[in-house]
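Scroll down for the structure; my scribbles are underneath it.
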Amino acid sequence: MLIKIPPSWKIKESDVTPEDIYFNRRTLLKAAALGGLGLVAAQTIPEAWAKAELKKLSYKTNALYKVSEPDRPLTKEDLATSYNNFYEFSLDKSEVAKKVEAWKVQTPWKIEVKGLKGPDKTLDVDDLAKLVGGLEERIYRFRCVEAWSMVVPWTGFPLAELIKKLEPSPKAKFVKFQTFAEQKIGTNMKNLPYYPWPYTEGLTMEEALHPLAFIATGMYGHELPKQNGAPIRLVVPWKYGFKSIKSIVKIEFTEQQPMGLWEKLASSEYGFYANVNPKVEHPRWSQATERVLDGKFFPTKIPTLMFNGYEKEVASLYKGLDLTKNF
Ligand code: MTE
């Protein structure tokens, strides 16, 4: 008999519900309780829920479960989508959402894949959900190296599912990701000519195959907004946010450890592993605490957790690595 034991970071679907669906449910339940909808209606409530959920959560979703970190509230959607790091468009976080407006996200969005057992491939983002067997929702903590943090419901699929379908070369030890390189899209790139564009990032194969490593195609039940990395990005919740590369156009399985844009630019500040670690200071600031993105003039400060709170799940990946030298 196969018994599926959910991993520690998974909680029941009922524990986290988007606000408006939650309120819809409440209204329906209240009406049912008051007898307003009567018995027949009471039977149709689950159906109504299902419809509401699908409408809200599944712009291209056919399989859903939710994962949460119940210890912190969700970041408000308008904050998570208006305070962004996307240097291809602007250095000013509050300007990115405006600067992406002119960008017409290319459809179909193609992703080049190299370093496979077989020949190179080109994937179409729209086919990915089917390829990996559906989308799911995950609520993750997200901690930027600049010491601000948020909690975001992402829609997407485990990176491991994609890797399994792609069949990398058995020699592959790393995965390298790349963002678009076109300056006509990333209108700020020309203003930063000393940046080693395009934005690249990498993971070890072991990290990439970890069940927490996630490819997001949506957030808050919608397609990924352009400022958050449309149409597809990486989310690695136990690492500093710069590892979570946006708007991916290329995935390559490599034997050599890839160097990300930040590591190329300042390797003493931004290393390959970049695991969230409150004990290792950034050369220019402490990483012991973080400012919660809560819209307050003086944001709430909380202690930063080792591996961003995912220590139990990921610490085994780093046995033998000197965690006092994170960068
Ligand atoms: N990806 C690209 N292509 N360009 C970027 O500038 N910034 C990174 C990461 N991915 C970045 C990127 C950094 S520093 C962070 S903190 C997160 O995206 C921010 O993601 P968010 O804007 O969705 O919060």
Side-chain angles (χ1 to χ4, degrees), residues 74-100 103 105 109 111 138-156 176-183 185-189 191-192 195-203 213-220 222-251 258 260-266 269-271 274-276 282 284-285 287 290-295 299 304 308 327:
L74 271 187
T75 302
K76 288 210 159 69
E77 182 176 357
D78 62 335
L79 292 176
T81 55
S82 62
Y83 185 85
N84 302 103
N85 273 334
F86 205 162
Y87 282 64
E88 287 88 335
F89 292 95
S90 178
L91 292 180
D92 180 343
K93 295 183 208 333
S94 59
E95 273 222 329
V96 175
K98 180 132 200 56
K99 291 286 167 93
V100 296
W103 172 28
V105 177
W109 184 273
I111 302 177
R138 296 219 180 160
I139 297 176
Y140 281 160
R141 297 185 201 97
F142 188 93
R143 167 58 158 89
C144 177
V145 74
E146 297 162 339
W148 54 266
S149 70
M150 53 184 182
V151 179
V152 175
W154 304 102
T155 315
K176 181 179 165 188
F177 302 87
Q178 190 190 300
T179 300
F180 59 79
E182 292 94 330
Q183 298 205 358
I185 303 177
T187 45
N188 192 40
M189 290 158 83
N191 301 327
L192 300 166
Y195 273 44
W197 304 112
Y199 199 103
T200 49
E201 259 311 335
L203 297 173
F214 200 64
I215 292 284
T217 52
M219 64 195 287
Y220 296 89
H222 314 296
E223 290 190 32
L224 214 49
K226 291 185 263 190
Q227 61 270 31
N228 293 90
I232 187 162
R233 71 175 293 172
L234 183 65
V235 183
V236 195
W238 71 94
K239 291 180 179 284
Y240 291 120
F242 69 86
K243 298 292 290 184
S244 294
I245 182 172
K246 296 176 170 183
S247 308
I248 298 167
V249 295
K250 190 171 169 187
I251 300 175
L261 174 135
W262 291 109
E263 195 184 359
K264 283 185 204 157
L265 210 54
E269 301 200 3
Y270 311 103
N275 293 317
V276 175
H282 183 276
R284 288 182 282 137
W285 58 84
Q287 294 290 26
E290 62 205 50
R291 301 180 305 278
V292 177
L293 196 62
D294 54 11
T304 287
N308 204 21
F327 286 103

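Atoms considered below: every heavy atom in the structure, side chains included; atoms not considered: hydrogens, waters and symmetry mates. When a ligand or atom number is given, it counts from 1 through the structure's own listing order.
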Report task. Return yes or no for this condition: an N or O of N228 is under 3.5 Å from an N or O of ligand 1. Result -> yes
Report task. Enumerate the atoms of ligand 1 whose separation from the nearest heavy atom of T179 is less than 4.0 angstrom. Result -> 3 (N)
**Report entry** Those atoms of ligand 1 less than 4.0 Å from some heavy atom in M150
**Finding:** 24 (O)
**Report entry** Aromatic ring pairing W154/F142, orientation class (parallel under 30°, perpendicular over 60°, tilted between)
**Finding:** tilted
**Report entry** Side chain to side chain, V96 and S90, heavy atoms closer than 4.5 Å
**Finding:** yes
**Report entry** Close side-chain approach of L261 and W197, heavy atoms under 4.5 Å
**Finding:** yes
Report task. Please assess L234 against I215 for the test side chain to side chain contact (heavy atoms under 4.5 Å, CB included), listing each intermediate value before the final yes or no. Result -> CA-CA 5 Å; L234 183 65; I215 292 284; 4.0 Å; yes
Query raised in the report: Nearest to atom 16 (S) of ligand 1, what protein heavy atom do you find, and at what distance?
Result: C144 SG, 3.3 Å
Requested in this report: Give me the ring orientation class for W109 and F180: parallel if the planes are under 30° apart, tilted from 30 to 60°, perpendicular past 60°.
Outcome: perpendicular
Query raised in the report: Could an N or O of ligand 1 be found under 3.5 Å from any N or O of W262, whether backbone or side chain?
Result: no
Report task. Provide the full list of salt bridge (charged side-chain N to carboxylate O under 4.0 Å, His left out) pairs with a residue in residues 235-248, sequence neighbours left out, each pair given once. Result -> E201-K243, E207-K239
Query raised in the report: In terms of residue, atom name and distance, what is the protein heavy atom nearest to atom 23 (O) of ligand 1?
Result: R233 NH1, 2.7 Å
Query raised in the report: Strictly under 4.0 Å, does any heavy atom of F142 approach an atom of ligand 1?
Result: yes
Query raised in the report: Atoms of ligand 1 less than 4.0 Å from S244 heavy atoms?
Result: 9 (C), 10 (N), 18 (O)
Requested in this report: Could you check atom 22 (O) of ligand 1 against the protein and tell me its nearest heavy-atom contact, residue, atom and distance included?
Outcome: K246 NZ, 2.6 Å
Report task. For Y87, take its heavy atoms, then give the atoms of ligand 1 lying under 4.0 Å from any of them. Result -> 5 (C), 6 (O)
Requested in this report: Check N228 against A80 and note the closest heavy-atom contact, atom names and distance.
Outcome: ND2-O, 3.0 Å
Requested in this report: Would you mind running through ligand 1 and noting each atom that sits below 4.0 Å from a heavy atom of W148?
Outcome: 16 (S), 24 (O)
Report summary line: Nearest non-hydrogen protein atom to atom 8 (C) of ligand 1, with distance, is Y199 OH, 3.3 Å
Report summary line: Quick note on ligand 1: atoms under 4.0 Å from a heavy atom of G241 include exactly 8 (C), 9 (C), 13 (C), 15 (C), 16 (S), 17 (C), 18 (O)
Query raised in the report: Any cation-pi pair here, K99 with F89, using under 6.0 Å and within 45°?
Result: no
Requested in this report: Over 60° means perpendicular and under 30° means parallel, so classify the ring planes of Y195 and Y87, tilted if in between.
Outcome: parallel
Query raised in the report: Does ligand 1 have an atom that lies less than 4.0 angstrom from a heavy atom of K93?
Result: no
Query raised in the report: Backbone, side chain, both or neither: what part of F86 comes under 4.0 angstrom of ligand 1, heavy atoms only?
Result: both
Requested in this report: Using atom types as modelled and distance alone, determine if a side-chain donor or acceptor of E223 lies under 3.5 Å from a backbone N or O of T217.
Outcome: no
Requested in this report: State the atoms of ligand 1, each with its element, that fall below the 4.0 Å cut-off from a heavy-atom position in E88.
Outcome: 2 (C), 3 (N), 4 (N), 5 (C), 6 (O)
Requested in this report: Could you tell me whether N85 and ligand 1 have an N or O pair separated by under 3.5 Å?
Outcome: yes
**Report entry** side chain to side chain contact (heavy atoms under 4.5 Å, CB included) assessment of T200 paired with K264
**Finding:** CA-CA 10 Å; T200 49; K264 283 185 204 157; 4.0 Å; yes
Requested in this report: Check whether any heavy atom of K243 sits under 4.0 Å from an atom of ligand 1.
Outcome: no
